Amino acid sequence: MRRSKFFMPTMKENPAEAQIPSHCLMLRAGMVRQTAAGIYSWLPLGYRVLKKIEQIVREEMDATGAQEILMPTIQPAELWRESGRYDDYGKEMLRITDRHERGLLYGPTHEEIVTDIFRNSVKSYRDLPQNLYQIHWKFRDEVRPRFGVMRGREFFMKDNYSFDIDKDSARRSYNKMFVSYLRCFARMGLTPIPMQADSGAIGGDMSHEFIVLADTGESAVYCDPTWLYTDPLSLEIDFDDDLQPIVDRWTELYAATDDKYDADNCPIDESRLYTGRGIEVGHIFYFGTKYSTAMGATVSDGQGRDVAVEMGSYGIGVSRLAGAIIEASHDDNGIVWPESVAPFKVGLINLRSGDGPCDAVCENIYASLNNAGVETLYDERDERAGVKFAEMDLIGLPWQVAVGPRGVKAGTVEIGRRGAAREEVSSESALARLA
RNA sequence: CGGAGCGUGGCGCAGCCUGGUAGCGCACUUGUCUGGGGGACAAGGGGUCGUGGGUUCAAAUCCCGCCGCUCCGACCA
């Protein structure tokens, strides 16, 4: 993509409404624009990131055997009356009335819809287990949206719903999600820490929040430092195996948020205890037959009985992750994208647009990278070098390639990681490193 | 939902208290000089001052209503 053609309205100054780095940087980099309180439009740069995150989540979900579906954002109030949540949910649910005075709502979550689909279509234990997921918009009318996309009212979310014949099977489904979540966040360059969460009426140990570490995170985190050195991607995973040993290995390590942390009863010695901050980006929980009972989602168990199906649901805040990744990875000059979610891999800077030799070298590199399928943003505008460097740092592409008259005369270009010193190498070796 | 504050050009702000020609920085346009970390000079364009009413000879400015947004607290992917 040529910078001169790319719609990326960047700002030199900090917008007044942005209080935290990610919000500020997303606005300055031209990733998003606020449309209303807690409601955002995603511009090309931001949307590229959102799609990268979404795709990682999709790949990891598919790897567990879950299947992607797409449910409506607008739901009938009637289904929520069946589950009993229409009155329970409160003002966070956006209620709508159509022209026929029928009650509708913009879905804050989808247990009712998916349970309705399931009960109408599945009647036998032989069709279990099943796990369906979707990635799309939800709306929760938060009293106080803030922090940009980190706490919006409308947000992009991945949500799974598992269906099992009994509790043992439900635990296996739960464990798949648990392990899958660790992989998802790790692939985005984040350090995920699962924390036991309040599992509500059901009780038990089958509810975890996933926190990713970021200095500017909303919640304080106290944990065993082993978390920081454990890479989920190094695990050999077969989702058909019993994953309980892996889950046990992760959950036996201490981790707590500030509301659960108690200095006097903490099993980790203070000298070893890691204390930091984090952002909640995912939540998984098993809720048994809460909805299946209320809504009559039963299957034949093979012994002539109809039993309510065991369910769980599993969310990942996809749009929130865009902000969370920036919180976890930025410096004074701007964003520092992990390569897996970067909007482009390479920023190519022509330091002297209009200079024949510089143009020629840049065009050659740009064409070669495009041919190799390397996503490249080529800044070929007639701007001064400082402007281009500052903007490239702001948008945080993992690699910068700078081409200037000095180097071109000597037969070199400069290549470096975002934030690190650039080295002078030949065009060919720069290309070899990137392609 | 309790408390506080702010709406003036695309962004950041001043002007309001003490009513009288709407201003500054950035961004934008054109030109010249420049040319490796948001450059300089010059000339330009762009604003019914959130909105509706009221007071007044006269309202960005004073008064009232409404809308929007932000912050602090309680709640959440």
Side-chain angles (χ1 to χ4, degrees), chain A residues 9-20 23-24 27-28 30 33-39 53 57 89-93 107-110 135-160 181 184-185 197-198 207-212 218-219 257 259 279-285 313-324 332-334 349-355 358 379 381-395 400-409 412-414 416 419 421-422 424:
Chain A
T10 57
M11 288 184 284
K12 197 196 285 192
E13 292 173 286
N14 291 337
E17 76 259 28
Q19 299 298 309
I20 59 168
H23 189 192
C24 187
L27 291 168
R28 285 188 53 206
R33 285 294 182 263
Q34 178 165 301
T35 297
I39 299 176
I53 295 169
V57 172
Y89 211 92
K91 292 188 173 176
E92 283 194 353
M93 186 157 72
T109 178
H110 283 72
I135 304 175
H136 81 148
W137 297 100
K138 300 213 183 307
F139 190 91
R140 292 181 193 169
D141 197 1
E142 293 281 342
V143 194
R144 193 183 160 209
R146 58 183 141 170
F147 305 145
V149 300
M150 298 261 288
R151 173 91 80 87
R153 291 194 291 170
E154 187 180 57
F155 55 99
F156 205 50
M157 182 178 177
K158 185 282 310 177
D159 46 319
N160 289 58
Y181 272 39
C184 271
F185 301 129
D198 201 347
S207 177
H208 287 86
E209 289 179 359
F210 286 75
I211 306 273
V212 295
E218 277 193 86
S219 29
T257 48
D259 50 327
I279 299 165
E280 185 188 348
V281 291
H283 198 152
I284 61 178
F285 54 97
S313 74
Y314 316 88
I316 288 181
V318 174
S319 49
R320 170 178 281 192
L321 272 164
D332 291 344
N333 295 322
I349 299 175
N350 187 339
L351 294 169
R352 190 70 66 80
S353 295
D355 175 80
C358 282
D379 194 342
R381 296 172 303 169
D382 182 19
E383 291 284 354
R384 296 171 66 87
V387 172
K388 297 186 180 185
F389 280 127
E391 187 180 90
M392 263 326 158
D393 283 351
L394 174 64
I395 68 172
Q400 294 182 355
V401 176
V403 177
R406 281 201 316 247
V408 166
K409 199 168 286 179
T412 62
V413 301
E414 292 162 45
R422 292 182 297 274
E424 300 201 17

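Order of the sequence lines sets the chain letters (A, B, ...), proteins ahead of strands, with each chain counted from 1. From a predicted model like this one, the values you see are computed outputs, not experimental measurements.
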C1'-based separation of B:rG36 from B:rA43 [nearest Å]: 29 Å

Side chain of A:R146 - closest among B:rU34, B:rC72, B:rC69: B:rC72

Candidate list A:E383, A:R381, A:K388, test side-chain hydrogen bond (donor to acceptor under 3.5 Å, both in side chains), partner A:S353, passing option: A:K388

Test item: A:R422 side-chain N/O and A:G416 main-chain N/O as donor-acceptor pair under 3.5 Å: no

Closest to side chain of A:F389, choosing from B:rC76, B:rG37, B:rU70: B:rG37

Out of B:rG38, B:rG36, B:rU70, whichever nucleotide has its closest atom nearest the side chain of A:K12: B:rG38

Separation between the C1' atoms of B:rA60 and B:rG15, rounded to whole Å: 8 Å

Sugar-phosphate only, base, or nothing, as touched by A:A390 at under 4.0 Å among non-hydrogen atoms: base

A:Q34 vs B:rG68: side-chain N/O to OP1/OP2 distance below 4.0 Å: no

Ion pair A:R151/A:E142, N-O distance below 4.0 Å: yes

Nearest-neighbour nucleotide for the A:M11 side chain, B:rC11, B:rC76, B:rG38 considered: B:rC11

Sugar-phosphate, base or nothing in reach of A:G152, heavy atoms under 4.0 Å: base

Whole-angstrom distance between B:rU32 and B:rG47, as gauged at atom C1': 30 Å

Whether A:S319 side chain and A:F156 backbone form a donor-acceptor pair below 3.5 Å: yes

Touch class at under 4.0 angstrom, heavy-atom based, for A:G315 against every strand present: nothing

B:rC67 and B:rG50, which share atom name C1', separated by this distance in whole Å: 8 Å

Sugar-phosphate only, base, or nothing, as touched by A:Q19 at under 4.0 Å among non-hydrogen atoms: sugar-phosphate

Sugar-phosphate, base or nothing in reach of A:E209, heavy atoms under 4.0 Å: nothing

A:E17 side-chain proximity, nearest of B:rC76, B:rC71, B:rU70: B:rU70

Distance-only polar pair, side chains of A:H110 and A:S313, donor-acceptor under 3.5 Å: no

Pairwise C1' distance for B:rC62 and B:rG19, with rounding to whole Å: 8 Å

